[in-house]
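Every chain is numbered from 1 and lettered A, B, ... according to where its sequence line falls, protein lines coming before strand lines.
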Amino acid sequence: MSATNGQSTNGSTAAPGTPRTGGEVVCDAMLAAGVDVIFGMPGGASLPFYDSLYHYQDRIRHVLIRHEQAAGFAANGYARATGKVGVATSTSGPGATNMVTCMANDIMDSVGVVYITGQVARPAIGSDAFQEADVTGISIPITKHSYLVMDVDDLPRVMSEAFHLASTGRPGPVHVDIPKDVFLETTTETAPDQVNLRGYRPSKVGNARMVRKAAEVINASERPIIMAGHGIDISGAAEELLQLATRGSIPVVSTLHGVGTFPETHPLSFGMLGMHGLAYANFSMRQTDCIIGLGTRFDDRAVGKEDEFGPGAKVVHIDIDPAEIGKVLETDVPIVGDLKLTLQKLLPLIESRDRTPWLDQMNGWRRDHPSLKIPDSPDSVLPQEVVRAIYDISGGEARVIADVGQNQMWASQHFWYERPRMFFSAGGLGPMGYALPAAMGVKLADESQDVWCVTGDGGLLINIQEFNTLAAEGINVKVAVLNNAHLGMIRQWQEFFYEGRYMGAFLDNPDFAKVAQAFGLHGVGTSSRDEMKDAIAMAHEYDGPVVLDLHVDRVENVYPMIVPGTGVNSVIEDPR
Amino acid sequence: MNGTETHTLVATVADHPGVLTRVASLFRRRGFNIASLAVGHSEEPGYSRMTIAVEGSAEEVKQCEKQLYKLVEVVSVRNLTGAPAVSRELAMIKVRVKATERPGLAEITDIFRGEIVDVSKTSMIVQMTGAQSKIDRFLDVITEYPIEEISRTGVIAIARDDVGPRNGRARG
């Protein structure tokens with residue numbers, strides 16, 4: 001989505017003065033925002049909205065999910081893959097509360113989703129009516145903004161504000177709660193041509209003086225490093241990032257959401273940093289004299305112990321959210337602005353410099369701490385091999401959606417992403433169950449792309465009901481279950497930090513291939529290496545959704561690992 | 001906490017239902033401590049002014065200002081701590097006094113330029129306006145009288161002429 005304060009959406013396609021129901025106003029606003037697929041489940045309070053959707057079926061595809069949480073995650077995937085706003089909808093009360101996790105996920109990961117929830121009719125609000133919940137009260141701390149629309153005449157303006165807020169500045173979820181009778185009433189109001197919110201003026205280009213200062217600091221540095229975050233993708237600044245790195249011979253590490261914003265096979269790419277980042281990426285952060293943070297919030301999983309993170313380094317931080325600057329690290333050059341526009345101003349000021357000694361040092365760490373070597377495993381398939389096999393068969397061109405936990409780290413490590421919007425994962429909130437529904441959204445965003453959902457067995461079970469949606473809607477997602485019969489990351493932590501006292505870590509799983517078959521999907525299960533590769537090749541060719549239940553090593557750990565609360569000095573590398 | 005002090009933030013906010021909830025929710029979830037919060041109409045229809053006394057270090061309060069400004073309905077935020085500004089609080093203090101004690105309390109009240117706004121057979125209500133420290137000092141002085149009830153508005157503040165609050169903080 002555009003991080004610039006882009007053209008606001010006039011939510012109306014109707015001629016001014018034409019009466020429209022509240023439901024039609026919402027549909028028109030979605031069309032005006034370019035939304036062509038939405039995800040939801042109807043209920044009593046949202047029935048009038050569904051009656052409007054009935055009449056918009058030719059322009060808006062409604063995907064009936066099987067749990068409202070899947071609607072929010074699918075809308076998240078759709079938003080991230082298209083750069084547009086995603087839409088998820090539910091009824092009042094339980095339908096809306098089921099999407100709370102999704103809102104919290106979107107706000108953490110800066111993803112623009114508009115949530116349309118039904119509410120009980122206005123006269124019933126506050127009476128503990130059937131399926132009533134104070135959903136706007138609940139959503140306040142986990143949304144960028146929220147509305148309870150008590151007058152249909154406000155709805156055209158509210159809807160255009162909602163799409164504007166979700167997609168501009170630092171994107172985020174916006175919740176619009178609409179009482180049943182407001183959906184039904186008619187209005188002749190239309191949205192204003194321009195959204196006008198006095199308290200909301202996202203920055204565009206960073207301050208020119210600070211941009212000059214950033215260039216001075218970067219040019220003077222011997223050992224600079226770029227930390228590329230999600231903002232590069234959101235702002236569409238991958239090309240500017242590439243120019244910055246190559247012009248200044250500046251190495252790049254990425255955050256989890258920054259994966260793919262810089263081509264990972266580029267010699268200047270040093271992979272992902274952080275708790276399960278590559279050892280050499282983390283060693284570099286210890287030695288750098290200039291951290292260039294681009295669209296990152298210096299999350300604790302990326303930074304680790306703050307005083308071992310670039311000790312003594314100058315910090316240049318460019319982000320569109322002023323509240324992120326100085327929140328974690330003391331910043332020498334703070335720049336608030338859109339990354340693409342700001343980098344365009346910075347680039348001409350960056351001197352071409354030879355930084356061979358620094359790059360040699362980093363490549364030395366890369367050589368001595370390879371981090372991504374997959375050990376021999378004669379008796380079991382390692383989960384890393386599965387990710388590599390998907391990389392190989394797709395030629396690195398698949399869009400990969402990871403769940404949360406070990407599978408997420410392996411999917412980020414063992415696949416080389418060359419472009420933004422190729423790797424999707426729920427980084428900040430870390431909700432298990434994200435991958436399958438998000439993959440549906442990513443697939444429907446662009447059906448020409450191959451989409452692989454890489455999930456653990458634990459996360460799959462959290463939203464496994466979406467097998468039904470895959471089958472019913474024919475959504476061509478390939479699901480690779482890294483089935484280790486454990487909550488793997490829990491098991492790993494209990495091994496490392498609780499002396500092997502395993503509690504609540506073992507999963508007594510069903511046969512996922514049979515479960516898939518029962519849902520009408522093509523399901524295959526295997527624990528052999530050859531069959532695993534064949535199954536992945538088959539899924540790659542198969543015209544339709546496939547579920548691969550891949551029984552992998554049950555006790556494989558994710559390496560490297562930086563023990564929480566410590567720095568890179570205490571990194572645990574693969575002992576094999 | 002290093003350098004914890006009370007800062008006075010003045011925010012102009014849209015006069016919408018729920019805006020107080022949003023502000024309160026922000027302070028609670030980010031762990032900022034509100035010492036007092038006062039809200040009322042501003043000079044502009046449709047907008048309210050909040051004065052929030054927040055406790056914390058300079059860095060914490062800076063972060064608090066930025067987070068506050070991120071709320072869509074917050075139009076401006078200004079930290080008046082250390083800036084040329086006038087700040088006042090109003091307190092009403094119900095004191096249990098016998099008839100014979102009334103002159104004594106009245107005298108202290110007078111010294112502090114407070115007002116006796118109600119008298120009953122067993123109590124008097126003192127209205128005290130001024131800087132928060134003055135009200136605190138008055139309460140320290142009258143400890144010999146049993147205080148039945150205190151109601152304070154919390155501080156409200158307004159910048160002096162050269163730095164109008166409507167200019168706001170440089171938007172981020």
Interatomic spacing from OG in B:Ser25 to CD1 in A:Ile138 - rounded to 0.5 Å: 12.0 Å

Which residues share a side chain to side chain donor-acceptor pair (under 3.5 Å) with A:Thr187, sequence neighbours left out: A:Asp153

Heavy-atom distances under 4.5 Å only: say whether B:Leu71 touches chain A with side chain, backbone, both or neither. backbone

Heavy-atom distances under 4.5 Å only: say whether B:Val74 touches chain A with side chain, backbone, both or neither. backbone

For B:Lys66 and A:Ala323, which heavy atoms make the closest approach, and how far apart are they? CD-CA, 3.6 Å

Mind listing the closest non-hydrogen atom pair of B:Arg22 and A:Ser146 along with its distance? NH2-O, 2.9 Å

Looking at [X], I'd like to know if its [atom1] atom is crowded, meaning that more than 12 non-hydrogen atoms belonging to other residues, nucleotides or ligands lie closer than 6.0 Å.
X        : atom1 : value
A:Met150 : CE    : yes
B:Asp140 : CG    : yes
A:Glu330 : CD    : no
B:Arg96  : CZ    : no

When the 4.5 angstrom heavy-atom criterion is applied to A:Leu148 and chain B, the contacting part is neither

Any side-chain heavy atom of A:Tyr200 within less than 4.5 Å of one from B:Lys70? no

Just wondering, do B:Glu73 and A:His145 contact through their side chains at under 4.5 Å, heavy atoms? yes

Using the side chain to side chain contact (heavy atoms under 4.5 Å, CB included) definition, which of the options B:Glu59, B:Gln63, B:Lys62 pairs with A:Lys327? B:Gln63

